[in-house]
Amino acid sequence: MAAFPEGKSEERKHMSIPNGSGASQGQWGRAWEVDWFSLASVLFLLTFSPLIVYYFIMSCDQYHCSLMDPIVDVLMGNSHLSDIWNNTPFLSWKAANIYICWVTFQVMLYILVPDFCHKFLPGYVGGIQEGAVTPAGTVNKYEINGLQAWIITHALCKFTGNLFYDYMMGIEFNPRIGKWFDFKLFFNGRPGIVAWTLINFSYAAKQQELYGQVTNSMILVNVLQGIYVLDFFWNEAWYLKTIDICHDHFGWYLGWGDCVWLPYLYTLQGLYLVYHPVQLSTANAVGILLLGLVGYYIFRMTNHQKDLFRRTDGNCKIWGKKPQYIECSYTSVDGTKYYSKLMISGFWGVARHFNYTGDLMGSLAYCLTCGFEHILPYFYIMYMTILLTHRCIRDEHRCSSKYGNDWKRYTTAVPYRLIPGVF
Ligand code: NDP
């Protein structure tokens, strides 16, 4: 056998590879003679490796990861080997297809995607690299692109496949720096919402500066939105249980929305009143105040009722009575079954999202302070109606997938979403 493949002689010279046959120079590629220990190990591994893999996974699946329990169970006659085998999932076409797709995907990443990580990561060595010299003197070349295959694979687990949706609704579920800096809580709660009331105060000050007085409409906007913002911080712990934190991912919607959209557009009434000061009649002002306060009351109490109900697992009083609810169950990805309850009394018996209705009543009150001369301040109620209706549908879609038939029972018991008898 030739020591070097054709065309490799130059490489050999250059690298001073020891020439000659394997016999004269020593065969250093792998053990030439197989000793008894190696042979025994090989036979052991060939025979028992599949069993070892099977045993470990089976003991976790069927015996809570106890290595002894399966043996004890069989020895004591509590179960037979056939029981264990019958509880083992059989190879299915679905599993085979998933595995084939998985390997094919990795093959494609291996072949098709050139390394790009070395451009961004100093110290990382990627791209075409040479391996060690083989006993035959060959130096194989390899495309080193594993890091990006790993990154792409993990990132794609998170992407939905629609670039725009992913950008808007986010990829990361709970992005954090260190232990405490939580992006979702910070961006949702701080830059925009803290600024909201400060901006409203500034508009009131501007009115004072321009007109020598602050109109009652401006005072109403400041008071009603101030209550809403203070409520948010007073109940910040409750906020951890809302859709924003529990289910939404951190993307443009939460990040840009809270930093730009919220401080500019949630304060539109105050800005409008700077340019168009409105002095409301006492009756109108009181009417708007009442609408705003009733809306706030419904919003707060509905949220409070759910929070109390969930915190006490139903052991509480809602409107002076033990709450009624529908028992429901759902299964997590790992197959574990959980139980939950959906309340059908109190405000949660009036409509499935009566908290949104209260929010919308409050939003309408803010807009009404500006009178009816211009449509601009009404942007807020239009926007909130779209946001909360969409949010309601999105949430119900998620709940329906989560609870299945139990959700159907719930929607039968509480048939309307926002306004009883209408929607
Ligand atoms: P909710 O507080 O209504 O939470 C919905 C979740 O509550 C569901 O996913 C479900 O979760 C659980 N649930 C649903 N029905 C019941 C029931 N009958 N009994 C018990 N639990 C139930 O939604 P949000 O997080 O969207 O809203 C929180 C508040 O924030 C609302 O008042 C809303 O108006 C306000 N908001 C204001 C915004 C603004 O810009 N001003 C924007 C967004 C919200 P599970 O899976 O646990 O069962």
Side-chain angles (χ1 to χ4, degrees), residues 184 187-189 192-193 196 224-225 227-229 231-233 235-248 253-254 257-258 261-268 295-314 316 318 323-332 338-366 379-404 406-407 409-418:
K184 280 200 300 195
F187 282 100
N188 282 339
I193 297 195
W196 187 350
L224 290 177
Q225 296 191 345
I227 292 173
Y228 191 77
V229 169
D231 174 276
F232 177 86
F233 290 113
N235 296 292
E236 200 173 2
W238 151 82
Y239 186 63
L240 303 180
K241 302 284 165 53
T242 62
I243 295 173
D244 287 349
I245 299 287
C246 295
H247 306 299
D248 283 347
Y253 174 76
L254 291 185
D258 285 305
W261 182 271
L262 192 155
Y264 279 100
L265 297 188
Y266 281 30
T267 56
L268 266 185
Y296 169 72
Y297 176 79
I298 292 174
F299 159 85
R300 169 56 24 228
M301 288 315 293
T302 313
N303 287 326
H304 169 72
Q305 286 180 354
K306 189 190 82 176
D307 190 42
L308 181 68
F309 172 76
R310 280 281 167 94
R311 250 189 305 117
T312 59
D313 195 27
C316 59
I318 302 290
Q324 292 174 288
Y325 53 80
I326 284 184
E327 297 263 13
C328 43
S329 64
Y330 60 94
T331 313
S332 59
Y338 294 88
Y339 294 90
S340 186
K341 295 182 173 93
L342 293 167
M343 186 167 36
I344 53 168
S345 59
F347 281 123
W348 293 87
V350 178
R352 298 202 291 273
H353 266 109
F354 212 51
N355 48 350
Y356 292 0
T357 311
D359 209 343
L360 290 174
M361 287 166 70
S363 308
L364 180 63
Y366 312 155
F379 170 79
Y380 187 69
I381 180 66
M382 293 186 236
Y383 160 75
M384 283 297 281
T385 307
I386 295 168
L387 175 95
L388 292 180
T389 309
H390 175 252
R391 196 178 173 93
C392 173
I393 291 167
R394 199 158 55 97
D395 183 50
E396 298 216 341
H397 178 74
R398 193 190 64 81
C399 287
S400 169
S401 325
K402 180 176 172 181
Y403 295 122
D406 293 334
W407 184 256
R409 288 197 294 131
Y410 171 61
T411 55
T412 308
V414 187
Y416 292 99
R417 290 180 169 115
L418 295 177

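Since we're looking at a predicted model, the values are computed, not measured. In each ligand, atom 1 is the first atom listed, and ligand 1 is the first ligand listed.
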Got the closest protein heavy atom to atom 30 (O) of ligand 1, with its distance?
W238 CH2, 4.0 Å
Of all the atoms in ligand 1, which lie at a distance below 4.0 Å from a heavy atom belonging to C399?
8 (C), 9 (O), 10 (C)
Is Y330 near ligand 1, meaning one of its heavy atoms is under 4.0 Å from it?
no
Give yes or no for whether the N/O distance cutoff of 3.5 Å, strictly under, is met between K341 and ligand 1.
no
With side chains defined as the heavy atoms from C-beta onward, is the minimum distance between R352 and D395 less than 4.5 Å?
no
Compute the shortest N/O to N/O distance between Y410 and ligand 1 and return yes if it is under 3.5 Å, no if not.
yes
Is a donor on one side and an acceptor on the other found under 3.5 Å between the side chain of D258 and the backbone of G192?
no
Return the closest protein heavy atom for atom 47 (O) of ligand 1 as residue, atom name and distance.
R310 NH1, 2.7 Å
Residue-ligand contact R398/ligand 1, heavy atom below 4.0 Å:
yes
Within the 4.5 Å heavy-atom criterion, are Y266 and M384 side-chain neighbours or not?
yes
So for S340 against ligand 1, with non-hydrogen atoms under 4.0 Å, the contacting part is neither
How far does CG of L342 sit from CH2 of W407, to the nearest 0.5 angstrom?
6.0 Å
Within a strict 4.5 Å, meaning less than it, do heavy atoms of the Y356 and T302 side chains meet?
no
Mode of M343 contact toward ligand 1 - side chain, backbone, both, neither (heavy atoms, under 4.0 Å)
both
The closest protein heavy-atom partner of atom 3 (O) of ligand 1 is N355 ND2, 2.9 Å
Using distance alone, determine whether W407 and ligand 1 share an N or O pair under 3.5 Å.
no
Does any part of the side chain of L388, heavy atoms only, come nearer than 4.5 Å to the side chain of H353, both counted from C-beta?
no
What atoms of ligand 1 come within less than 4.0 Å of a heavy atom belonging to M384?
39 (C), 41 (N)
Would you say T267 and W196 make side-chain contact, with heavy atoms under 4.5 Å?
yes
Closest non-hydrogen protein atom to atom 42 (C) of ligand 1, residue and atom name please, with distance?
L387 CD2, 3.7 Å
Write out the residue and atom name of the closest protein heavy atom to atom 40 (O) of ligand 1, then the distance separating them to 0.1 Å.
Y266 OH, 2.7 Å
Are the side chain of N235 and the backbone of D231 linked by a donor-acceptor contact shorter than 3.5 Å?
yes
Walk me through whether F354 and Q305 qualify under side chain to side chain contact (heavy atoms under 4.5 Å, CB included).
CA-CA 11 Å; F354 212 51; Q305 286 180 354; over 6 Å; no
For atom 48 (O) of ligand 1, what's the nearest protein heavy-atom neighbour? Residue, atom name and distance, please.
Y403 OH, 2.5 Å
Does any N/O atom on K306 come nearer than 3.5 Å to any N/O atom on ligand 1?
yes
Within reach of ligand 1, part of D359 (heavy-atom separation under 4.0 Å):
side chain
Check the orientation of Y228 and F299. Use parallel for under 30°, tilted for 30 to 60°, and perpendicular for over 60°.
tilted
heavy-atom search around atom 41 (N) of ligand 1 in the protein gives Y228 OH, 2.8 Å
So does D248 get a backbone contact from the side chain of K184, meaning a donor-acceptor N/O pair under 3.5 Å?
yes
If you measure from each non-hydrogen atom of I344 to ligand 1, which part falls under 4.0 Å: side chain, backbone, both or neither?
neither
Any salt bridge between R311 and D307, counting N to O under 4.0 Å?
yes
Indicate yes or no: at least one non-hydrogen side-chain atom of Y380 is less than 4.5 angstrom from one of L268.
no
May I ask you to identify the nearest protein heavy atom to atom 46 (O) of ligand 1, giving residue, atom name and distance to one decimal place in Å?
K402 NZ, 2.5 Å
Minimum distance, heavy atoms only, to atom 32 (O) of ligand 1: which one of T357, D307, D395, N303 is it?
N303
Ligand 1 atoms in contact with R391 (distance to a heavy atom under 4.0 Å):
24 (P), 25 (O), 26 (O), 43 (C), 44 (C)
